[in-house]
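So the structure is just underneath, and the comments pick up after that.
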Amino acid sequence: MLLLFTKRDWRGGRNVPRKGGMIIAANHLSWTDPLLFAHFAYNNGRWPVYLAKSGVFDIPVIGTIVRKCRQIPVHRGSTDAARSLKDAEKALREGACVIFYPEGTITRDPDMWPMAGKTGVARLALATGVPVIPVAHWGAQELLPYGEKKPRLFPRKTFKVLAGPPVDLSKYEGQPLRGQVLKNATSDIMAAITGQLAELRGEKAPDEPFDQSETRAG
């Protein structure tokens, strides 16, 4: 079905390990990202595992499908919120390919560059030792722009993907998983994603990532 509505320009698939636990860390442009991105992962030999809002698992039919697809529920705003990261850690140790959007939401950067990331991905990577593959994509925002409900199916959009080599986090090994260590590791991951996106777009990325928290504070 996706091939009916999108054209593919996928690069760097050789950087996606075909077995073993791994994290794919990607930028977030549209609500269509997970579906389009799952196709990329599956086509490169990996079953995509996402963290999905727990409410999705309660929807008739859809909830059953999500469970059968071995996705991980996120219990936001509850005492069980940390459980999703524990479940993700367990899945990674068992060899899963878990896909994360470290920004935590669709980018609010005016030019659609990646924002500052949250530290959950870095924490999981350092705790488990699995590789983090930075992957940038471009085109999903043309299929379904943020804030719109109806996809723009025609003309067919090109979904571009560029996967890079694993992020080097070796300098953080053995250090406590808190504070500045997690912030620095997160910055390294986001810088790698942004570098992939700059190459994909053929443009220079901003010197500093857009920080949504600073915008809210202002």
Side-chain angles (χ1 to χ4, degrees), residues 12-28 33-34 37-38 40-41 44-53 70-76 78-105 107 113-137 161-198 205 208-214:
R14 65 185 181 280
N15 289 315
V16 178
R18 295 305 190 267
K19 61 181 180 179
M22 61 170 289
I23 291 172
I24 288 182
N27 58 312
H28 203 355
D33 289 3
F37 213 75
F40 169 78
N44 282 283
R46 298 307 304 251
W47 183 263
V49 176
Y50 284 98
L51 274 68
K53 292 180 180 179
R70 304 196 299 275
Q71 306 307 293
I72 299 171
V74 177
H75 303 271
R76 293 182 178 177
S78 74
T79 55
D80 292 330
R83 195 173 74 195
S84 58
L85 288 181
K86 286 293 184 182
D87 291 342
E89 181 175 339
K90 181 174 182 291
L92 288 169
R93 293 187 186 280
E94 292 174 350
C97 169
V98 183
I99 300 174
F100 286 95
Y101 298 106
E103 298 162 271
T105 187
T107 183
W113 291 99
M115 302 187 294
K118 301 183 184 300
T119 60
V121 174
R123 182 184 295 277
L124 282 172
L126 294 174
T128 61
V130 303
V132 178
I133 309 300
V135 184
H137 63 91
V161 180
L162 179 59
V167 181
D168 184 6
L169 300 176
S170 59
K171 59 186 174 184
Y172 305 111
E173 291 178 2
Q175 298 190 42
L177 301 184
R178 60 177 181 269
Q180 201 59 46
V181 170
L182 292 178
K183 290 180 181 179
N184 291 344
T186 299
S187 294
D188 288 353
I189 292 169
M190 294 310 302
I193 297 171
T194 302
Q196 296 297 115
L197 185 58
E208 295 293 333
F210 182 83
D211 193 329
Q212 190 180 17
S213 62
E214 291 182 359

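Surrounding CD of E208 are at most 12 heavy atoms belonging to other residues, nucleotides or ligands under 6.0 Å away.
Between N44 and R18, the closest side-chain pair of non-hydrogen atoms falls below 4.5 Å. When side chains are defined from C-beta on, N184 does not count as touching K171, because their heavy atoms never get closer than 4.5 Å. Using a 4.5 Å cut-off on side-chain heavy atoms (C-beta onward), V135 and Q196 make no contact.
Minimum heavy-atom separation, W47 to Q71: NE1-NE2, 4.0 Å. When all heavy atoms are compared, the tightest approach of P134 to P166 is CD-CA, 4.3 Å. Considering all non-hydrogen atoms of both residues, A25 and V132 come closest at CB-CG1, 3.9 Å.
For the atom pair L197 CG and W113 CH2, the distance stands at 5.0 Å (nearest 0.5 Å). With rounding to the nearest 0.5 angstrom, the CG atom of D168 is 8.5 Å from the CG atom of D188.
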Please tabulate, for side-chain N and O atoms in residues 89-100, each donor-acceptor pair with protein atoms closer than 3.5 Å (sequence neighbours left out).
unit_1: E89; atom_1: OE2; unit_2: R93; atom_2: NE; d: 3.2
unit_1: E89; atom_1: OE2; unit_2: R93; atom_2: NH2; d: 3.0
unit_1: K90; atom_1: NZ; unit_2: E94; atom_2: OE2; d: 2.7
unit_1: R93; atom_1: NH2; unit_2: A127; atom_2: O; d: 3.0

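With respect to P102, the side-chain contact (heavy atoms from CB on, under 4.5 Å) criterion is satisfied by exactly one of M190, H28, M115, K118: M190.
Using the six-membered ring where Trp is involved, Y101 and Y50 have ring planes that are parallel, under 30° apart on the 30 and 60° scheme.
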